[in-house]
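Take a look at the structure set out below.
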Amino acid sequence: MSESSARRSFRSAVVPAAGLGTRFLPTTKTVPKELLPVVDTPGIELVAEEAAQAGAERLLIVTSPGKDAVAAHFAPQPALEEMLKERGKDALLAKVRRAPDLLEVATVTQHEPKGLGHAVGCVADVLDDDEEAVAVLLPDDLVLPTGVLTRMAQVRDQHGGTVLCAFDIPGPEISAYGVFDVADTADADVKRVHGMVEKPPADEAPSTYAAAGRYLLDRAIFDALGRITPGAGGELQLTDAVALLIEEGHPVHVVVHRGGRHDLGNPGGYVRAFVDFALQHPDYGDDLRSWLAARLEG
Ligand code: UTP
């Protein structure tokens, strides 16, 4: 299947960024966690770049009142750009231009944090009539290397329906995740999903395939979101809507991504991501590596 045909599967990529970010308090009193830098670049810019690479033409950022800085990051900054141009700071200018140049960006407001499912439901009215599927990327989940969305689009072209992303986690750590109940297909890295269990004890997990923050959702998800009932804390869970689609016979598959990930949503995972990216950075990597080695010896 050609990449261009896979790319037609979706045009809009939704990035839900309206959560409270309580695990990052006190910083998130005023700074959206999506703007915390991984070395020098906000996590949401890395995720927007992934969406653009996969062929998305439009980023729909779901924000909440008071989180305007997230969308502002994707707006041009003419005064700053002019100043950098005058001073001949071309490399910095390129960094400043990168986010606005990636793809078209629009925002949708979620007025109350009623859960990920509710946040995704907020974009239903802004999709064009011919958008049969939409991608969702959680901005606090870095999936590496990038490219899984392109693969997911190919799987949707082949099987239809909804396609999710999974990691193979054979050890006891599986109990920290949502785990898919799956059946094999002809492709070892594509499984048909029959159900999902949230954070099961490791010995009761239905498989070793854990959910990651990438979704290619058939438009039917919006109808399903309207029919599920809120769970704990009054939140609408996206996985409940996917479960309803499965129950009703709608095809749902996972692509098993053989790679790494970073969870930017909590300080521990964020520090790992920061160090990992810094170690690969041409300016900071070598120095950090020697400092870390000395620090760990001492
Ligand atoms: P998380 O649960 O990881 O984020 O939601 P959170 O709620 O902001 O963080 P904590 O748990 O309080 O620390 C996953 C993604 O879904 C978005 C979040 O912004 C995050 O990117 N989200 C979550 C919404 O957009 N709206 C919601 O109501 C809930």
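Atoms within each ligand, like the ligands themselves, are counted from 1 in listed order. As the structure is a prediction and not an experimental result, all values here were calculated from the model. Position 1 is the first residue of the sequence; numbering continues from there.
- Residue, atom and distance of the protein heavy atom nearest to atom 9 (O) of ligand 1 are Lys33 NZ, 3.4 Å.
- Close approach of ligand 1 to Lys114 is summarised as follows: ligand atoms under 4.0 Å from at least one heavy atom of the residue are 28 (O).
- Note that NE2 of His194 is 7.0 Å distant from CG of Asp181, once rounded to the nearest 0.5 Å.
- A salt bridge does not link Arg272 with Asp276: every distance from a Lys NZ or Arg NE/NH1/NH2 to an Asp or Glu carboxylate oxygen is 4.0 Å or more.
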Please step through salt bridge (charged side-chain N to carboxylate O under 4.0 Å, His left out) for the pair Glu131 and Arg58, ending with a clear verdict.
CA-CA 12 Å; Glu131 290 188 89; Arg58 181 165 71 147; 3.1 Å; yes
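- Using a 4.0 Å cut-off between a side-chain N of Lys or Arg and a carboxylate O of Asp or Glu, Glu248 and Arg227 qualify as a salt bridge.
- Of the possible polar contacts, one joining the Lys67 side chain to the Gly19 backbone as a donor-acceptor pair under 3.5 Å is found.
- Close contacts of ligand 1 with Pro113, meaning ligand atoms under 4.0 Å from a residue heavy atom, involve 28 (O).
- Residue contacts with ligand 1, taken as heavy atom pairs separated by less than 4.0 Å, involve Ala119 solely via side-chain atoms from C-beta onward.
- Under a 4.0 Å criterion applied to the non-hydrogen atoms of Pro139, ligand 1 contributes the atoms 21 (O).
- Under the 4.0 Å distance rule, the nearest protein heavy atom to atom 5 (O) of ligand 1 falls outside the cut-off.
- Counting protein heavy atoms only, atom 21 (O) of ligand 1 is closest to Pro16 O, 2.8 Å.
- More than 12 heavy atoms of other residues, nucleotides or ligands sit less than 6.0 Å from atom CZ of Arg258.
- The distance from ligand 1 to the heavy atoms of Gln110 drops below 4.0 Å at these ligand atoms: 24 (C), 25 (O), 26 (N), 27 (C), 28 (O).
- Scanning the protein heavy atoms around atom 25 (O) of ligand 1, the nearest turns out to be Ala18 N, 2.9 Å.
- By the 6.0 Å contact criterion, CG on Asp101 is enclosed, its count of non-hydrogen atoms from other residues, nucleotides or ligands being greater than 12.
- The protein heavy atom nearest to atom 14 (C) of ligand 1 is Asp140 OD2, 4.0 Å.
- Interface of Gly115 with ligand 1, defined as ligand atoms under 4.0 Å from a residue heavy atom, comprises 26 (N), 27 (C), 28 (O), 29 (C).
- Applying the 4.0 Å criterion to heavy atoms of Leu116 picks out, from ligand 1, the atoms 16 (O), 29 (C).
- Scanning the protein for heavy atoms near atom 19 (O) of ligand 1, the closest one is Gly19 N, 2.9 Å.
- By the 3.5 Å distance cut-off applied to N or O atoms, Gly21 is counted among the residues near ligand 1.
- To the nearest 0.5 Å, atom OH of residue Tyr215 and atom CG of residue Leu149 are 12.0 Å apart.
- Here the heavy atom of the protein found nearest to atom 2 (O) of ligand 1 is Arg23 NH2, 4.0 Å.
- Residue contacts with ligand 1, taken as heavy atom pairs separated by less than 4.0 Å, involve Glu34 solely via side-chain atoms from C-beta onward.
- Heavy atoms of Thr22 found under 4.0 angstrom from ligand 1 belong to the backbone as well as the side chain.
- For a threshold of 3.5 Å applied to N or O pairs, the pair formed by Glu112 and ligand 1 contains no separation below that value.
- His257 contributes a side-chain N or O that, together with a main-chain N or O of Leu144, makes up a donor-acceptor pair within less than 3.5 Å.
- Contacts between Val15 and ligand 1 below 4.0 angstrom, taking non-hydrogen atoms only, are absent altogether.
- Contact annotation for His118 and ligand 1: no heavy atom of the residue comes within less than 4.0 Å of the ligand.
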The test is ring-ring contact (aromatic ring centres under 6.0 Å, His included); show your working for Tyr270 and Phe24 and say whether it passes.
CA-CA 10 Å; Tyr270 172 79; Phe24 264 106; 5.5 Å; yes
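- Looking at heavy atoms from C-beta onward, Phe10 lies out of side-chain contact with Leu217 at the 4.5 angstrom threshold.
- Ligand 1 has an N or O atom lying under 3.5 Å from an N or O atom of Leu20, backbone or side chain.
- Using a 4.0 Å cut-off between a side-chain N of Lys or Arg and a carboxylate O of Asp or Glu, Arg151 and Asp189 do not qualify as a salt bridge.
- Without hydrogens or angle criteria, Thr28 side chain to Gly21 main chain gives a donor-acceptor distance under 3.5 Å.
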